[in-house]
Amino acid sequence: MKPTPNPPHFIIIGAQKGGTTSLYAYLSKHPQIACATEKEVHYFDLKFDQGPEWYRAQFPQPENGPHKVTGEASPYYIFHPRVPARIHDLCPQVKIIALLRNPVDRAISHYYYYIRIQYESLSLEEAIAAEPQRLKGELEKLLANPNYRSYEYQHHSYLTRGIYADQLPAWMKLFPPSQMLILKSEDLYANPSETVNKVLEFLDLPPHQLETYSKHNSNEYPPISEAVCQQLRAYFRPHNQRLAQLCDRDFGWD
């Protein structure tokens, strides 16, 4: 692949708890991929005031490795309303990779991860019930003020982050299909080698095989009551149907 004039060449935009850490780790083992200073640079959502030169400095520069492809993976990007336009303005040729996980499983994993790192104190049922009030007005504030940072929108959006049909249109409007790859997280979990090589093909890189594909940043949690699972499946069903129409693809989550 002939690199674009400036990195990054690819950005994994999310979703959170969808396997982005694992995918980035697998890609980083490819001999023609060089890593950013950290997996989640968070420039376009949380550090935009640092400026484009700071962002460029987070990547190996072409003169230091002319055959290297480089990128980052910040899973808040897919969800933050200002990010698609910011990325398109700075690097319109970048390739966008989205990993979409069954939103029921994603929400539960998100919740228990935040229990573990002490970002959440409510029960799962309470957190689900509290989300509308917690997020009320936060999207509007993000759209109104480019410098606004919303703790609630970023952290307590268990359900809202799984409504991919509301998030992807902004990306599809700005980036042509040739620059977007939408993957199922379940495919990465079930067949990491095949999925990683699909990404490498998308990046115009030769295939690569790892000896092992260990899961990264996964977490375990207790069994979930069937009532909660049914509630979540019912909540996401119409949104998943909209996603299937948007992508012309059945994700098979229900």
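Side chains are part of it too, since the values below use all heavy atoms of this structure and drop only hydrogens, waters and symmetry mates. All residue numbers refer to positions in the sequence shown, counting from 1.
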Nearest heavy-atom contact between G14 and I78 is CA-CG2, 4.2 Å
So, does Q167 use its side chain to make a donor-acceptor pair with the main chain of R161 at under 3.5 Å?
-> yes
Side chains of S157 and E131: is there a donor and an acceptor less than 3.5 Å apart?
-> no
Okay, side chain of E72, backbone of V41: is any donor-acceptor separation there less than 3.5 Å?
-> yes
Cationic N near anionic O, under 4.0 Å, R242 to D166 | yes
What do the steps show when you test E138 against K141 for salt bridge (Lys or Arg N to Asp or Glu O under 4.0 Å), and what is the final call?
-> CA-CA 5 Å; E138 293 302 296; K141 291 176 184 176; 3.4 Å; yes
Kindly check if the number of other-residue, nucleotide or ligand heavy atoms within 6.0 Å of CD (E38) is above 12?
-> yes
If Ile, Leu, Val, Met, Phe, Trp and Tyr residues are connected whenever their side-chain heavy atoms lie under 4.5 Å apart, and connections chain through other members, are L122 and I115 in the same group?
-> no
Does any N or O in the side chain of R56 come within less than 3.5 Å of the main-chain N or O of P7, such that one atom is a donor and the other an acceptor?
-> yes
Any side-chain heavy-atom pair from N240 and P103 closer than 4.5 angstrom?
-> yes
Is the closest side-chain donor-acceptor distance between T21 and K39 under 3.5 Å?
-> yes
Pair V69-L205, side-chain contact (heavy atoms from CB on, under 4.5 Å): steps then yes or no | CA-CA 9 Å; V69 171; L205 292 174; 3.9 Å; yes
Check the surroundings of atom OH in Y119: do more than 12 heavy atoms from other residues, nucleotides or ligands lie under 6.0 Å from it?
-> no
Can you tell me if Q231 uses its side chain to pair, donor with acceptor, with the backbone of V228 under 3.5 Å?
-> no
Could you pull out all residues at least two apart from Y111 that satisfy ring-ring contact (aromatic ring centres under 6.0 Å, His included)?
-> Y158
Please confirm whether the backbone N or O of I87 pairs with a side-chain atom of Y77, one donor and one acceptor, at under 3.5 Å?
-> no
Within the distance-only criterion (no hydrogens, no angle test), does the side chain of T70 pair as donor or acceptor with the backbone N or O of P60 below 3.5 angstrom?
-> no
Return yes if a side-chain donor-acceptor contact under 3.5 Å exists between S185 and K17, otherwise no.
-> no
Please report the C-alpha distance between E126 and R134 in whole Å, then the side-chain angles of each, then the deciding distance to 0.1 Å, and finally whether the salt bridge (Lys or Arg N to Asp or Glu O under 4.0 Å) criterion is met.
-> CA-CA 12 Å; E126 290 169 341; R134 281 172 155 181; over 6 Å; no
The ring-ring contact (aromatic ring centres under 6.0 Å, His included) partners of H30 (sequence neighbours excluded) come to H208
For the pair L232 and I108, evaluate side-chain contact (heavy atoms from CB on, under 4.5 Å) and give the outcome as yes or no after the intermediate values.
-> CA-CA 9 Å; L232 291 174; I108 294 168; 4.0 Å; yes
Non-hydrogen side-chain atoms of Q32 and P206 separated by less than 4.5 Å | yes
Side-chain donor-acceptor pair present, Y76, E40, cut-off under 3.5 Å = no
Under 4.5 Å between any side-chain heavy atoms of N102 and E186, yes or no?
-> yes
Check whether any side-chain heavy atom of H9 lies under 4.5 Å from a side-chain heavy atom of L203, and answer yes or no.
-> no
Any L100 side-chain heavy atom under 4.5 Å of L183 side chain = no
Taking the six-membered ring of F48 as reference, does the NZ or CZ atom of R82 fall below 6.0 Å from its centre and within a 45° cone about the axis?
-> no
Heavy-atom nearest pair, Y221 first then D105, reads OH-O, 4.2 Å
Measure the shortest side-chain to side-chain distance between S178 and F202 over non-hydrogen atoms and say whether it is less than 4.5 angstrom.
-> no
Could you tell me how the ring of W54 sits relative to the ring of Y43: parallel (under 30°), tilted (30 to 60°) or perpendicular (over 60°)?
-> tilted
Check the pair L159 / F236 against side-chain contact (heavy atoms from CB on, under 4.5 Å), numbers first and verdict last.
-> CA-CA 8 Å; L159 301 182; F236 284 116; 3.9 Å; yes
Is NZ or CZ of K184 both nearer than 6.0 Å to the six-membered ring centre of F251 and within 45° of the ring axis?
-> no
Would you check, one step at a time, whether the test side-chain contact (heavy atoms from CB on, under 4.5 Å) holds for V83 with I13?
-> CA-CA 9 Å; V83 168; I13 60 172; 5.9 Å; no
Closest approach of G19 and L188, non-hydrogen atoms and distance?
-> O-CD2, 3.6 Å
So do L243 and W253 actually touch side chain to side chain, heavy atoms under 4.5 Å?
-> yes
Check step by step if ring pair (Phe, Tyr, Trp, His ring centres under 6.0 Å) holds for H80 and F44.
-> CA-CA 9 Å; H80 192 291; F44 294 102; over 10 Å; no
Heavy-atom closest contact (S150 atom, Y148 atom, distance) = CB-CE2, 3.6 Å
Pairwise side-chain contact, N197 with L200, heavy-atom cut-off 4.5 Å (strictly under) | yes
Return the minimal non-hydrogen interatomic distance between C247 and I182, and the atom names on each side.
-> SG-CD1, 4.1 Å
Check the angle between the aromatic planes of F59 and Y55 and answer parallel, tilted or perpendicular using the 30° and 60° thresholds.
-> perpendicular
Do the side chains of L181 and Y189 join up, straight or via other hydrophobic residues, at under 4.5 Å, putting them in one cluster?
-> no
How would you list all residue pairs meeting ring-ring contact (aromatic ring centres under 6.0 Å, His included) that involve residues 165-185, not counting sequence neighbours?
-> H88-F175
Smallest separation among heavy atoms of A170 and P84, with atom names = CB-CG, 4.0 Å
Any donor-acceptor pair under 3.5 Å linking the side chain of N191 with the backbone of D187?
-> no
Would you check if the side chain of K29 reaches a backbone N or O of Q209 as a donor-acceptor pair within less than 3.5 Å?
-> no
Got more than 12 heavy atoms from elsewhere within 6.0 Å of CD, Q118?
-> no
Donor-acceptor pair between Y164 and H239 side chains, under 3.5 angstrom | no
